[in-house]
Amino acid sequence: MAGADGDDSLYPIAVLIDELRNEDVQLRLNSIKKLSTIALALGVERTRTELLPFLTDTIYDEDEVLLALAEQLGNFTMLVGGPEYVHCLLPPLESLATVEETVVRDKAVESLRKISHEHSPVDLEVHFEPLVKRLASGDWFTSRTSACGLFSVCYPRVSSTVKAEIRQHFRTLCSDDTPMVRRAAASKLGEFAKVLELEYVKSDIISLFTALASDEQDSVRLLAVEACVSIAQLLPQEDLETLVMPTLRQAAEDKSWRVRYMVADKFSELQKAVGPEITKNDLVPAFQNLLKDCEAEVRAAAANKVKEFCENLPEDSRETIIMTHILPCVKELVSDTNQHVKSALASVIMGLSTILGKDNTIEHLLPLFLAQLKDECPEVRLNIISNLDCVNEVIGIRQLSQSLLPAIVELAEDAKWRVRLAIIEYMPLLAGQLGVEFFDEKLNSLCMAWLVDHVYAIREAATCNLMKLVEKFGAEWAQNTIIPKVLGMANDPNYLHRMTTLFCINALSEACGQEITTKHMLPVVLKMSNDQVANVRFNVAKSLQKIGPVLDSNSLQTEVKPVLEKLASDQDIDVKYFAQEAISVLALA
Amino acid sequence: MLSPVLCSDLSAVEPEYTEADVISTVEFNQSGELLATGDKGGRVVIFQREPQGEYNVYSTFQSHEPEFDYLKSLEIEEKINKIRWLPQRNPAHFLLSTNDKTVKLWKVSERDKRPEGYNLKDEEGRVKDLSTITSLQVPVLKPTELLVEASVRRVFANAHAYHINSISVNSDGETYLSADDLRINLWHLSITDCSFNIVDVKPENMEDLREVITVAEFHPQHCHLLAFGSSAGNTRLCDMRARALCDQHAKLFEEAVDPSTRSFFSEIVSSVSDVKFSHSGRYLLTRDYLSVKVWDLNMENKPVETYQVHDYLRSKLCALYESDYIFDKFECAWNGTDSVIMTGAYNNFFRMFDRSSKRDVTLEASREVCKRRAVLRPRRVCMGAKRRRDEVSVDSLDFSKKILHTAWHPSQNIIAIAASNNLYIFQDRLGPSTN
């Protein structure tokens with residue numbers, strides 16, 4: 001390709017290459033994204049000898065450009081001549097792995113990991129592992145943090161002497177001076193342990209893990225909690241008690257609430273990793289303590305895990321454990337002082353009903369649901385309402401409906417519009433669970449009231465809500481219950497409400513079908529073309545454009561077209577504009 | 001005498017520059033190789049230490065511009081309140097600078113190469129004749145003269161309703177705090193759209209407001225400890241491990257005031273204007289209007305050492321109150337080994353206290369007195385009528401000339417003193433590293 005083939009074929013590539021140096025960052029970014037095109041044009045040898053050296057040295061650029069470059073290089077193996085030459089990609093990626101911007105470094109490490117698999121075992125030892133060594137002993141902590149992500153990919157396929165070196169480097173980084181490097185090491189501990197031979201996991205990893213879990217920096221200790229899960233999964237059950245559990249117990253009682261928070265957050269994974277026996281003996285009391293922690297953030301994190309924890313308890317002792325140990329704590333949390341804790345609990349507590357079965361649910365859980373339905377914090381109430389389906393399965397919704405309805409009504413009329421918005425969004429789900437009769441009886445009027453709310457976002461959401469309800473309950477139900485009311489609004493003295501009618505028609509026409517639209521909705525729309533307010537009139541045009549596809553061509557020609565033509569010569573310029581647009585879109589001209 | 005290094009033998013380095021604007025903050029980086037100053041005009045100037053020991057300008061940039069808050073109809077000054085350096089992470093240097101409302105992360109980097117070789121035009125930009133292009137050319141990097149560039153990497157905005165007075169980088173290397181009059185927020189250096197509030201002293205009812213936060217700092221080694229000073233004359237230590245919201249202090253450092261000496265001005269002069277942890281992490285240095293105190297973190301009810309900076313002002317508090325000078329906020333500093341304390345005063349004087357020998361000295365930083373390579377002579381302020389030749393009478397002190405901002409090199413005996421729009425850098429006559 002790089003020959004005297006004529007300027008035409010070289011020109012676009014020449015432009016791309018020149019734009020690598022352009023002042024405008026968007027152009028540089030564009031060129032970098034097309035780097036493969038440039039490389040193809042240059043051919044594998046020139047790419048290796050000229051393009052890559054240039055890219056290695058230009059790390060002065062903006063983050064987006066460097067990020068794109070790091071990504072491109074991960075896919076460059078064939079463009080430099082295949083796996084035989086893949087090591088040529090290492091220099092530019094190495095310099096990208098030392099940049100201060102974390103996203104760029106992470107992408108460079110990701111690409112290095114990708115191309116490591118293309119290296120032959122010999123190349124790994126000759127090229128890749130030395131790179132990792134250089135990064136691991138770099139002056140700046142940025143290169144050392146990047147090194148942490150590369151150990152696990154080169155370890156499996158190198159010789160045992162090199163393996164020993166790698167293990168040594170990792171050990172050094174785990175006790176690095178800077179917290180940033182120790183954090184990187186802690187976050188990669190699990191991944192590295194997975195590729196090590198079991199004897200080394202026990203001899204090396206465990207001591208590193210214990211050290212990191214007692215680091216003076218809180219941010220390092222809390223990452224060790226994550227590593228705990230991976231390590232526990234690798235060890236045989238009998239070793240867990242001696243090698244892992246002491247550290248985990250320590251973490252669950254750490255002085256820093258952030259570490260305890262991590263334990264709570266990872267609790268389900270920990271539970272699965274340590275197995276049922278240790279769960280019964282250690283994790284259950286630990287979980288209880290987290291649910292009663294003095295820091296609300298920790299309680300909230302633990303509350304979020306209540307359902308999952310209970311679900312994963314061993315079947316034979318599940319019910320006893322929950323009833324004796326977990327439920328008393330849950331009862332306390334229902335009246336916690338902190339609203340985030342209550343809210344977290346409310347989002348999962350309903351799930352306990354499927355685990356405990358009908359009788360226990362009625363006796364123990366139902367009072368808790370009802371209490372949370374009356375909570376002063378709207379989010380708590382919303383979280384209960386959004387999870388009703390679990391309860392429905394077990395005890396049937398009627399038990400709750402007495403308390404449910406007042407709660408829904410209160411939320412639907414809350415002073416804060418965002419709360420009203422949230423309940424509208426649950427309405428289709430509720431309607432489905434409660435059934436059409438309940439809905440018609442109790443909730444229909446609410447839905448209509450939202451259509452005339454003061455806040456536009458509510459009116460809009462209410463319109464969308466109606467559309468979903470029609471999809472659920474059918475066009476016939478719509479015709480009988482909601483359409484008359486919607487069309488009735490067309491005569492409302494407030495022009496905003498008249499417009500709402502039009503927006504509803506826009507949303508409902510497709511779901512309702514041609515017959516209903518032509519017979520009932522179209523006449524109303526056409527009548528509003530004479531409205532005094534221009535906004536209404538131009539929305540008529542827009543509506544006609546929207547519902548046009550649902551109508552048959554007869555109605556379009558005989559009824560819609562004349563009205564649009566009239567509107568096209570309206571005095572108001574917006575009305576004229578939208579009418580003309582509708583005419584052209586519907587092809588009525 | 002104080003140890004010879006600090007007392008009688010100081011060489012004044014030539015004032016580096018004269019700016020129209022007043023310097024509002026001075027800070028050395030962790031190695032001492034760089035010194036940053038911020039001024040009222042929103043500019044940051046960075047000086048670099050030359051191999052011979054002088055500091056010369058390395059980079060200048062406009063950090064903040066004046067802004068207008070439309071909602072409150074208030075101007076936001078561009079004055080740089082604080083600068084803090086990040087620990088070095090690669091050949092470039094990073095610092096945080098803040099004005100009243102916005103913190104910015106700046107990167108200062110060197111560039112010594114430029115690419116050469118275009119395909120479609122020559123180096124001057126003239127488009128080449130397309131028919132002469134027969135093959136593609138990849139640009140090559142050639143060395144060029146050193147260019148120092150400053151670019152803003154992050155802007156941390158909209159988190160403070162009141163004026164930011166401090167920023168401090170945590171020992172974990174990834175978070176920092178920003179403090180205003182009533183609140184302290186915790187940020188992550190990579191995340192600009194989210195900040196955690198960790199201290200909130202705003203009362204339910206603003207009429208109950210009794211004190212404001214004047215300064216805040218993280219402990220140099222313990223990632224979970226922070227200290228903040230209050231206008232009510234106390235300093236609080238908070239433990240971030242105990243709670244997400246640290247309104248409850250872990251320790252309260254306050255010296256009981258002798259009721260017999262209490263006056264109308266007692267609370268005002270007790271207001272803490274600066275708080276600095278010692279390098280060892282064991283002690284806390286606080287500056288109030290008239291004194292500096294060293295506190296042991298293990299003892300809250302009184303300081304272990306107290307040094308009077310300018311006690312002769314006690315009789316002048318009324319006049320100072322009327323002229324508002326009583327509200328001046330002086331900073332203080334430790335030397336690298338925590339053996340000497342420095343703070344500024346009026347009349348371009350600054351004071352140094354040797355903690356072990358208990359000796360102190362007053363020196364002047366002004367154009368008249370500072371000559372290159374000249375040793376600074378100690379000054380004295382006299383209270384009474386009989387004034388010796390070298391002394392300055394307390395009545396003739398110039399209160400408009402004050403040294404609020406001082407900094408000490410992290411390991412060597414080099415100090416930076418800002419006197420309005422002048423910056424002075426002094427080092428020990430015998431060489432900066434003599435102990």
Side-chain angles (χ1 to χ4, degrees), chain A residues 1-8 10-11 13-18 20-21 38 41-42 46-47 49-51 53-58 60 62-63 98-103 138-143 145 178-181 183 216-220 254-259 261 294-298, chain B residues 86-94 105 107 109-121 125 127-143 147 149 151 153-154 170-175 188-191 196 221-225 239-245:
Chain A
M1 168 83 219
D5 210 28
D7 313 317
D8 290 353
L10 289 182
Y11 182 74
I13 317 291
V15 169
L16 278 178
I17 295 181
D18 281 356
L20 282 173
R21 310 170 44 181
I38 298 177
L42 289 173
R46 284 191 74 190
T47 300
T49 53
E50 293 176 55
L51 186 61
F54 172 67
L55 294 172
T56 306
D57 287 331
T58 48
Y60 297 109
E62 300 284 322
D63 305 334
T98 62
V99 176
E100 75 272 1
E101 207 52 55
T102 319
V103 286
D139 282 335
W140 306 114
F141 72 76
T142 42
S143 60
T145 52
T178 54
M180 291 65 103
V181 179
R183 276 197 293 273
E216 47 154 17
Q217 288 279 338
D218 297 351
S219 47
V220 178
D254 194 289
K255 278 212 270 271
S256 170
W257 68 268
R258 287 185 173 92
V259 179
Y261 177 95
C294 59
E295 170 54 50
E297 301 269 356
V298 179
Chain B
L86 263 48
Q88 203 172 359
R89 50 193 56 204
N90 66 12
H93 298 277
F94 290 83
L105 177 67
K107 173 181 176 182
S109 55
E110 295 181 3
R111 186 198 287 255
D112 58 1
K113 289 194 199 137
R114 40 169 260 128
E116 273 178 27
Y118 279 107
N119 283 291
L120 300 175
K121 46 188 171 174
V127 179
K128 285 189 195 159
D129 180 1
L130 285 181
S131 60
T132 61
I133 301 170
T134 51
S135 70
L136 296 170
Q137 193 187 359
V138 178
V140 176
L141 288 169
K142 296 273 170 62
L147 188 67
E149 306 174 306
S151 58
R153 306 306 282 163
R154 302 267 190 278
N170 192 300
S171 56
D172 69 6
E174 63 178 7
T175 57
H188 190 288
L189 284 165
S190 308
I191 300 172
F196 290 100
Q221 288 97 28
H222 297 306
C223 58
H224 54 90
L225 289 180
D239 184 341
M240 295 204 302
R241 283 179 313 191
R243 274 287 192 279
L245 192 57

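Every chain is numbered from 1 and lettered A, B, ... according to where its sequence line falls, protein lines coming before strand lines. In what follows, every heavy atom counts, from backbone to side chain, and hydrogens, waters and symmetry copies are set aside.
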A.B. asks: According to side chain to side chain contact (heavy atoms under 4.5 Å, CB included), who are the partners of A/T178, at least two apart in sequence or on a separate chain?
C.D. replies: A/F141, A/R144, A/D176, A/M180, A/V181
A.B. asks: For B/A242, which atoms come within 4.5 Å of any heavy atom of chain A: side chain, backbone, both, or neither?
C.D. replies: backbone
A.B. asks: For A/D139, give me all partners under side chain to side chain contact (heavy atoms under 4.5 Å, CB included), at least two apart in sequence or on another chain.
C.D. replies: none
A.B. asks: In this structure, are over 12 heavy atoms from other groups packed under 6.0 Å from B/F196 atom CZ?
C.D. replies: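 Open.
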A.B. asks: Where on A/V298 is there a heavy atom nearer than 4.5 Å to chain B: the side chain, the backbone, both, or neither?
C.D. replies: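 The answer is neither part of A/V298.
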A.B. asks: Can you say whether B/S171 sits under 4.5 Å from chain A via the side chain, the backbone, both, or neither, judging by heavy atoms?
C.D. replies: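 Contact with chain A is through both the backbone and side chain of B/S171.
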A.B. asks: Where does B/S109 contact chain A at under 4.5 Å (heavy atoms): side chain, backbone, both or neither?
C.D. replies: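 B/S109 has no heavy atom closer than 4.5 Å to chain A.
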A.B. asks: Only pairs of heavy atoms separated by less than 4.5 Å count here; which of A/E297, A/R183, A/E216 has the most with chain B?
C.D. replies: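 Looking at each option in turn, the highest pair count goes to A/R183.
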A.B. asks: Quick check on the interface: out of B/R153, B/E174, B/K107, who has the most heavy-atom pairs with chain A under 4.5 Å?
C.D. replies: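 Ranked by contacts with chain A, first place is B/E174.
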A.B. asks: Do the side chains of A/T98 and B/N90 get nearer than 4.5 Å, heavy atoms only?
C.D. replies: no
A.B. asks: Determine whether B/R243 and A/C294 make a side-chain contact, defined as any pair of heavy atoms from C-beta on separated by less than 4.5 Å.
C.D. replies: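 When only atoms from C-beta onward are counted, A/C294 and B/R243 do touch, with a gap below 4.5 Å.
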A.B. asks: Is any NZ, NE, NH1 or NH2 atom of the basic residue among B/R241 and A/D254 found under 4.0 Å from an Asp or Glu carboxylate oxygen of the other?
C.D. replies: no
A.B. asks: Give the member of A/L20, A/D63, A/V103 that has the highest number of heavy-atom pairs under 4.5 Å with chain B.
C.D. replies: A/D63
A.B. asks: Indicate the atoms forming the closest heavy-atom contact of B/C223 with A/D218, along with that distance.
C.D. replies: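 Where B/C223 meets A/D218 most closely, the heavy atoms are SG-N, 3.3 Å.
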A.B. asks: Please rank A/E62, A/E50, A/K255 by heavy-atom pairs under 4.5 Å with chain B and give me the top one.
C.D. replies: A/K255
A.B. asks: Quick one: closest heavy-atom pair of A/T102 and B/S190, and the distance?
C.D. replies: OG1-OG, 4.3 Å
A.B. asks: At what distance, to the nearest 0.5 angstrom, does CD of A/Q217 lie from CD of B/Q221?
C.D. replies: 10.0 Å
A.B. asks: Can you check whether B/R89's main-chain N or O pairs, donor with acceptor, with A/E100's side chain at less than 3.5 Å?
C.D. replies: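 Judged by distance alone, no pair lies under 3.5 Å.
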A.B. asks: Just so I understand: if I count every heavy-atom pair under 4.5 Å between each of B/K113, B/H222, B/H224, B/E149 and chain A, which residue has the most?
C.D. replies: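 Maximum pair count with chain A is reached by B/K113.
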